[in-house]
Amino acid sequence: MPAIEITDLTKDYPRGFWRKRLHRALDHLTLTVEAGEVFGLLGPNGAGKTTTLKLLMRLIYPTAGTAQLLGRPFTDVEVHRRLGYLPEAPYFYQYLTGREFLDYCAQLFGQAKAERRRRVGELLAQVGLVEAADVALRFFSRGMLQRVGLAQALINDPELIFLDEPMLGLDPVGRREVRDLILRLRAAGKTVCFSTHVLPDAESLCDRVAILNRGHLHGLGALDEILKIKVKASEVLVGQPTPALAEALRALADGVRAAGDKLTLTVADEKLYAVLDCIRAQGGRLLAVNPVRASLEDYFYEEFGTEKVPELTGGV
């Protein structure tokens with residue numbers, strides 16, 4: 001049974017004051033998310049990702065269309081007991097501590113005191129907030145609030161979890177921890193649907209993705225298949241090159257950047273082996289060779305030509 005079935009889901013917002021016009025934020029979205037997979041909603045800002053998640057959570061109401069969650073209509077209040085949700089840029093009552101806030105969320109699900117104590121402690125450890133558990137939320141950084149938001153989304157041990165930009169505000173360590181947490185949820189048989197406009201997050205986590213732009217679905221499936229990601233060039237890192245080697249590499253590479261005692265070269269595919277042979281012949285120290293691939297932003301520009309594309313953010 002699919003975890004999510006969306007059929008022709010549409011959302012219009014009125015704009016203007018005197019002469020109201022309708023802005024279509026989501027246009028007849030139809031897709032299915034299988035149980036147990038990590039599914040990504042990808043696209044630039046304004047693509048309709050947050051609108052989709054809010055519609056599924058019934059925080060806003062659709063203009064048209066319908067959906068099913070875990071085999072039940074998304075209008076069924078009871079099915080929401082089996083869901084977890086992290087909104088974009090969450091805001092919580094700032095005078096509660098992290099522990100008190102999570103305990104309060106557990107009470108909303110009717111958990112007994114002993115179960116609440118166990119579950120809250122477990123989640124604080126999972127999101128790395130044990131040391132800050134008894135600190136008031138008003139003293140939390142943006143990243144710490146994101147972590148406690150993740151914990152509250154999991155307080156009821158949900159079968160289906162919706163995360164809206166879960167990496168927002170996190171440092172590199174926090175991003176890694178959240179990625180590991182999502183992978184553990186998948187291993188436990190949970191279904192995770194999250195939105196992002198950062199390609200590396202989707203690459204490292206998603207079984208399948210949906211590409212949205214201006215409310216329209218432009219692709220559905222495995223990320224590599226949709227984006228047709230191809231290696232355009234390679235980035236070669238050379239350590240402590242001699243002046244002669246550096247000069248030879250400048251003649252072969254399309255771009256050369258010096259940083260300290262290292263050279264970073266951007267090398268076209270057809271020249272890669274010549275560059276590697278040159279480094280080997282002159283006794284250079286090869287540190288790394290990495291592929292340079294098309295980004296999600298490149299995909300949107302190539303797919304939609306000169307149509308204006310909102311700004312995209314690179315990953316960490």
Side-chain angles (χ1 to χ4, degrees), residues 1-15 22-80 82-88 158-166 182 186 190-197 199 201-203 205-229 296 299-300 302-305 307 309-310 312:
M1 178 185 67
I4 305 171
E5 293 180 274
I6 299 174
T7 305
D8 290 326
L9 204 57
T10 302
K11 179 61 179 179
D12 295 332
Y13 289 103
R15 281 186 173 178
L22 292 179
H23 167 69
R24 178 150 290 181
L26 196 64
D27 192 9
H28 293 91
L29 177 65
T30 298
L31 59 84
T32 298
V33 177
E34 299 300 330
E37 71 176 346
V38 176
F39 188 87
L41 291 174
L42 272 63
N45 296 324
K49 306 185 299 295
T50 294
T51 296
T52 299
L53 296 183
K54 285 184 175 180
L55 286 168
L56 293 176
M57 290 301 300
R58 299 290 286 172
L59 296 175
I60 57 177
Y61 301 100
T63 303
T66 187
Q68 286 198 329
L69 305 177
L70 303 173
R72 306 284 297 176
F74 75 142
T75 54
D76 185 348
V77 175
E78 285 302 312
V79 78
H80 286 250
R82 302 159 63 190
L83 307 181
Y85 174 59
L86 172 67
E88 183 180 18
E159 300 170 49
L160 173 58
I161 303 106
F162 294 108
L163 306 175
D164 196 356
E165 299 283 0
I182 291 175
R186 179 175 64 180
K190 312 294 186 181
T191 305
V192 180
C193 178
F194 75 95
S195 70
T196 184
H197 53 265
L199 183 57
D201 293 340
E203 285 183 304
L205 292 171
C206 295
D207 299 298
R208 293 189 306 134
V209 300
I211 302 290
L212 298 177
N213 188 51
R214 300 194 175 195
H216 295 275
L217 178 65
H218 287 283
L220 178 65
L223 187 63
D224 287 352
E225 296 172 1
I226 295 174
L227 299 186
K228 300 179 178 63
I229 298 175
L296 183 58
Y299 166 81
F300 273 94
E302 292 172 5
E303 190 73 13
F304 307 115
E307 181 182 352
V309 179
L312 294 167

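The shown structure was predicted, so the numbers you read here are calculated from the model rather than taken from an experiment. We number each residue from 1, following the sequence as shown.
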Distance col, row L9:CG vs F74:CZ, nearest 0.5 angstrom, shows 6.0 Å
In short, A210 meets L217 closest at the heavy-atom pair CB-CD1, 3.7 Å
Would you tabulate the side-chain donor-acceptor contacts of residues 27-38 under 3.5 Å, counting partners in other chains and residues two or more places apart, or write 'none'?
{"unit_1": "D27", "atom_1": "OD1", "unit_2": "R24", "atom_2": "NH1", "d": "3.3"}
{"unit_1": "D27", "atom_1": "OD2", "unit_2": "H216", "atom_2": "ND1", "d": "3.4"}
{"unit_1": "T30", "atom_1": "OG1", "unit_2": "D8", "atom_2": "N", "d": "2.9"}
{"unit_1": "T30", "atom_1": "OG1", "unit_2": "D8", "atom_2": "OD1", "d": "3.4"}
{"unit_1": "E37", "atom_1": "OE1", "unit_2": "R208", "atom_2": "NE", "d": "3.2"}
{"unit_1": "E37", "atom_1": "OE2", "unit_2": "E34", "atom_2": "N", "d": "2.8"}
{"unit_1": "E37", "atom_1": "OE2", "unit_2": "R208", "atom_2": "NE", "d": "3.4"}
{"unit_1": "E37", "atom_1": "OE2", "unit_2": "R208", "atom_2": "NH2", "d": "2.8"}

Sorted by chain and residue number, the side-chain hydrogen bond (donor to acceptor under 3.5 Å, both in side chains) partners of K11 (sequence neighbours excluded) come out as none
Nearest heavy-atom approach of I4 to C193 is CD1-CB, 4.2 Å
Note: F39 and V209 closest approach over all heavy atoms is CZ-C, 3.9 Å
Heavy-atom nearest pair, A67 first then L56, reads CB-CD2, 3.7 Å
Sequence neighbours excluded, the answer for side-chain hydrogen bond (donor to acceptor under 3.5 Å, both in side chains) partners of T50 is E88, D164
Looking only at heavy atoms, the pair that brings P166 and L86 closest together is CA-CD2, 4.0 Å
**Asked** Just by modelled atom types, is the L212 backbone N or O under 3.5 Å from a matching donor or acceptor in the K49 side chain?
**Response** no
Could you please spell out the steps behind the side-chain contact (heavy atoms from CB on, under 4.5 Å) verdict for L83 and L70?
-> CA-CA 9 Å; L83 307 181; L70 303 173; 4.2 Å; yes
OG1 of T196 to CG of L205, rounded to nearest 0.5 Å, is 9.0 Å
Taken in chain and number order and not counting sequence neighbours, the residues that satisfy side-chain contact (heavy atoms from CB on, under 4.5 Å) with P158 are L154, N156, I161
Between Y13 and T51 the two heavy atoms that sit nearest each other are OH-OG1, 4.0 Å
So, the side chain of S195 versus the backbone of E165: is there a donor-acceptor pair under 3.5 Å, distance only?
yes
Residue pairs passing the side-chain hydrogen bond (donor to acceptor under 3.5 Å, both in side chains) test with at least one member in residues 61-73, sequence neighbours excluded, are R72-D76
Residue pairs passing the salt bridge (Lys or Arg N to Asp or Glu O under 4.0 Å) test with at least one member in residues 54-65, sequence neighbours excluded, are none
Interatomic distance, NE2@H80 vs OG1@T75, rounded to 0.5 Å, equals 8.0 Å
